[in-house]
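A, B, ... follow the sequence lines: proteins, then strands. Residue 1 opens every chain. Side-chain atoms are counted along with the backbone in the values below, which use heavy atoms only and exclude waters and symmetry mates.
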Amino acid sequence: MARPNEVVAAALQEYADLISITGGDAFRARTYEKAARGVAGHATDVATLDLKGLEQIPGVGKSTAEKVVEYLSSGRMEALEQLRAKVPAGVRELIAIPGLGPAKAMTLHRELGISSMDELVHAIEAGRLSGLRGFGAKTAANILHGVEVLRHSGGRVMVSTALEVAEEVIAALSGLPGCEKCTYAGSLRRGRDSIGDVDILVAARESKPIMAAFTELPLVGEVIAGGPAKTSIRTTGGLQVDLRVVPPESWGAALQYFTGSKEHNIRVREIAVRKGLKLSEYGLFRAEDDTLLVSETEEEVYEQLGLPWIAPTLREDRGEVAAARNGTLPQLVTAADIRGDLHTHTNLTDGVSTLEEMLAAGRARGYRYYAVTDHAKDMPMQRMTDAKMLAQRKKLRALAGDGKMALLHGSELNIDPDGGVDWDADFLAGFDICVASVHSHFTQTPAELTHRFVKACENPYVNIIGHPTTRLIGRRKPVEPDWDAVFDAAAATGTAMEVNAFPDRLDLPDELIMRARERGVKFAINTDSHSTVHLDMLRFGIAIAQRGWLTPADVINTWTLTKLKAFVTAKRRAA
DNA sequence: GCCGTTTTCGGCCCGACTGTTTTCAGTCG
C-alpha cells in the first residue's frame with residue numbers, strides 16, 4: 001500500500017502523459033510532471049493538507065491543489081477521467097517503448113486503432129504501418145527492437161553491475177592517444193540504487209578516434225547511434241552505454257550537464273536564465289553576446305551562478321539548489337567518516353570467511369571498532385545454537401588484543417511475525433550490540449508489519465533494524481508497513497535504521513532515509529558482509545546515505561566507540 | 001498550469017541524433 005503522496009503523484013504523472021498523448025499544451029503537461037515530482041518528494045503526507053497547504057508544495061498551484069483535494073476525497077479526478085475516456089490505457093503503455101513518444105503513440109492509435117503493445121507488434125508484423133506518415137521501415141524495426149529490450153530486461157541493472165561496465169570502458173578509453181580525461185557521469189555518478197544506462201564522458205580534441213575505439217570494444221553488442229559528439233551502444237549484457245566526447249576546455253560544464261539529473265539541470269539553468277546567462281554542456285555563456293564565462297570545472301560553473309558546488313548524490317531537485325543558495329547544504333557523510341561496520345557475518349553461519357579473516361579485513365580498513373553479527377538461532381538453516389554463539393563470543397574476547405580496533409560481539413536477530421526475537425532478555429544482555437531483521441513472512445498486511453517493526457524497536461536489546469524493507473532489487477518487492485509509525489517508534493526508542501550497502505539491497509532506499517531523518521531517526525551504514533571482499537560494498541551504502549542527505553551526526557557508526565556504547569546502554573537503561 | 005531581484009503576463013533548459021523530411025518533427029537525456 002503506497003503512501004498517499006505516491007498515489008497522488010502517479011495520478012498527476014498519468015494526467016501529464018495523457019495531456020501529451022492527446023496533443024495538449026506541452027507546457028501544461030510539464031507543469032503536471034513537475035507537480036507530481038513535488039508531491040512525491042514532499043515530506044508531509046498530502047492527505048493531511050488542505051488547499052493552502054498543498055499550494056505550498058513546489059510546482060503545485062491552485063488548479064493542481066484542487067485536483068488533489070478532489071482525488072483524495074472522492075478517489076476520482078474528473079479531468080483525468082475525461083482523458084482516460086479518450087485514450088485507452090494501452091496507448092499510454094506504448095510511450096515506455098524506447099523511440100516511441102506521445103506523438104507517435106497517438107498517431108498509431110488514431111490512424112490504426114492500436115491500443116496495446118501486443119497490437120502494435122502484430123500491426124508491424126502484418127505490415128500495417130507502411131504508408132503511415134512518419135513510420136518508415138527503420139522506425140518499425142526500431143519499435144520491435146524496443147519492445148524486445150523492454151520485455152527482456154525491464155531496463156535497469158544493479159549499480160555494481162553498471163560500475164563494472166563503466167570501469168571497463170574507462171580503462172579502455174583512458175589509454176587512447178588524445179584522451180585527456182575520462183569518467184562516468186549520469187545516475188551512476190549520482191549513486192542511484194539502480195542504473196538505466198551508463199554515461200561516459202571523455203575530454204579530447206578529436207572525437208572520431210575515441211568514438212571508433214568505443215564501438216569496437218569487446219563488450220559492445222550493438223551500436224544504437226553514432227555521431228561526432230555522442231555514440232550509444234548496448235553491451236552484450238543488454239546495458240546501454242552513452243559516450244560523449246567534449247573539448248577539454250568544456251570539461252566542467254559537460255560533467256555538470258551529463259551528471260544530471262535532468263530535473264536538477266533544469267533548476268540550475270533557470271538560475272542561469274534569470275542572471276542573463278545560458279548554460280549548456282559547452283559552458284556558461286552571457287546570453288546577449290554568447291561570451292564564454294566559465295566551463296573548465298564544475299566548481300566554476302556553480303560559483304558563477306552564485307552557488308557552492310553541489311555533491312552529485314544530491315542532484316535530484318529535492319531542494320538542493322535552494323539549500324545551496326541559502327548556504328544550508330548538508331555536510332554529507334563520507335566513507336572516511338565510518339569508524340566501523342556493525343553488521344557482518346562469518347562462516348559460523350552463512351558467511352564464507354572465518355572470524356579471523358573478517359577481523360583482519362576490518363583492521364586493514366583502519367576501523368576503530370567492528371561488530372560480528374552472525375545469524376541467530378531462529379533461522380533453522382543457519383544451525384545456530386546458544387553454545388555456538390557463546391563459544392564465538394569467548395573466541396572474540398580472546399582476539400581483542402591490539403587495542404586499535406575494538407571488537408563487538410553481536411547477532412543479526414530474526415524479527416518473528418509478531419515482532420519478537422530469538423532470545424530472551426537474559427541471553428540478549430550478553431551481546432554488545434544487536435541488529436534485528438525481517439527474514440520471512442513478507443506477505444503480512446501493512447498493519448501486521450507495522451506492529452511487528454514497532455515491537456522490534458521497543459525491544460531494549462535491538463539497536464539496529466537490518467535491511468528494513470527487505471527488498472531485493474529486481475527480485476523482491478519491499479514490505480510496506482506504515483513507515484512513519486515505524487520511524488517514530490525507532491526515534492522514540494533509540495533504535496537505528498540500517499542503510500544496508502549490499503548492491504542488491506540498498507535498504508533503506510534514499511526516499512525512506514529522508515523520511516526517517518525528518519522524524520529524528522539515527523542510521524547505521526553497514527555492509528552485511530558475508531566475505532572479506534564485501535566490506536568494500538560500503539561505497540554503495542555511502543552513496544545512498546548521501547542521497548538521503550545524511551550527515552555524520554545522523555550515522556551511529558561514525559561516532560566514537562564511547563558515544564556508540566552510550567547509545568546502546570541508554571536504550572537498555574530506559575527499559 | 002505555474003511563477004516572479006526582469007514580471008500578475010509571457011515565458012517555460014537546451015542540444016544531439018534519427019528518420020524521413022526537401023527544411024524538420026519527434027524523441028531522448
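- Distance A:Ile224 CD1 to B:dA16 C1': 15 Å, rounded to the nearest Å.
- Close to B:dG15, at under 4.0 Å from its OP1 or OP2, lies a side-chain N or O of A:Lys278.
- Atom CG of A:Asp290 is separated from atom P of B:dC14 by 11 Å (rounded to the nearest Å).
- Proximity of A:Val220 to A:Thr235: side-chain heavy atoms (C-beta onward) are nowhere separated by under 4.5 Å.
- Each of A:Lys262, A:Arg267, A:His264 was evaluated against A:Asp317; a single residue qualifies, A:Arg267, per the side chain to side chain donor-acceptor pair (under 3.5 Å) test.
- Residue A:Ala137 is classed as a sugar-phosphate contact, given heavy-atom separations below 4.0 Å to backbone atoms only.
- Listed candidates were B:dG1, B:dC14, B:dT27. Nearest to the side chain of A:Ala103 is B:dT27.
- Contact annotation: A:Lys262 side-chain N/O to B:dG29 OP1/OP2 distance is not under 4.0 Å.
- Map A:Asn265 and A:Gly61 each onto its nearest nucleotide of DNA chain B; the residue landing nearer the 5' end is A:Gly61.
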- Task: Check the pair A:Asp289, A:Thr291 against side-chain hydrogen bond (donor to acceptor under 3.5 Å, both in side chains), reporting the backbone distance first and the verdict last.
- Result: CA-CA 5 Å; A:Asp289 55 5; A:Thr291 308; 2.8 Å; yes
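- Side-chain proximity of A:Lys230 to the nucleotides B:dG1, B:dA16, B:dC14 is greatest for B:dA16.
- For A:Gln331, the CD atom counts as loosely surrounded, since its 6.0 Å shell holds 12 or fewer non-hydrogen atoms of other residues, nucleotides or ligands.
- Proximity of A:Thr139 to the phosphate of B:dT18: no side-chain N or O atom is located under 4.0 Å from OP1 or OP2.
- In terms of phosphate contacts, A:Tyr282 brings a side-chain nitrogen or oxygen within less than 4.0 Å of OP1 or OP2 of B:dA16.
- The shortest distance between the side-chain N/O atoms of A:Asn142 and the OP1/OP2 oxygens of B:dG19 is below 4.0 Å.
- Proximity of A:Met514 to A:Arg517: side-chain heavy atoms (C-beta onward) are nowhere separated by under 4.5 Å.
- When heavy atoms are screened at a 4.0 angstrom cut-off, A:Ile97 is found touching the sugar-phosphate backbone but no base atom.
- Comparing B:dC17, B:dT27, B:dG19 by their nearest atom to the side chain of A:Lys104 picks out B:dT27.
- The same atom, P, is picked in B:dT6 and in B:dC12; the two are 15 Å apart, to the nearest Å.
- Comparing B:dG1, B:dC17, B:dT5 by their nearest atom to the side chain of A:Thr64 picks out B:dG1.
- Rounded to whole Å, the separation between the P atoms of B:dT21 and B:dG26 comes to 13 Å.
- Residue whose closest nucleotide on DNA chain B sits further toward the 5' end, between A:Pro102 and A:Arg269: A:Arg269.
- Contacts of A:Val268 with the nucleic acid, taken as non-hydrogen atoms under 4.0 Å apart, are absent.
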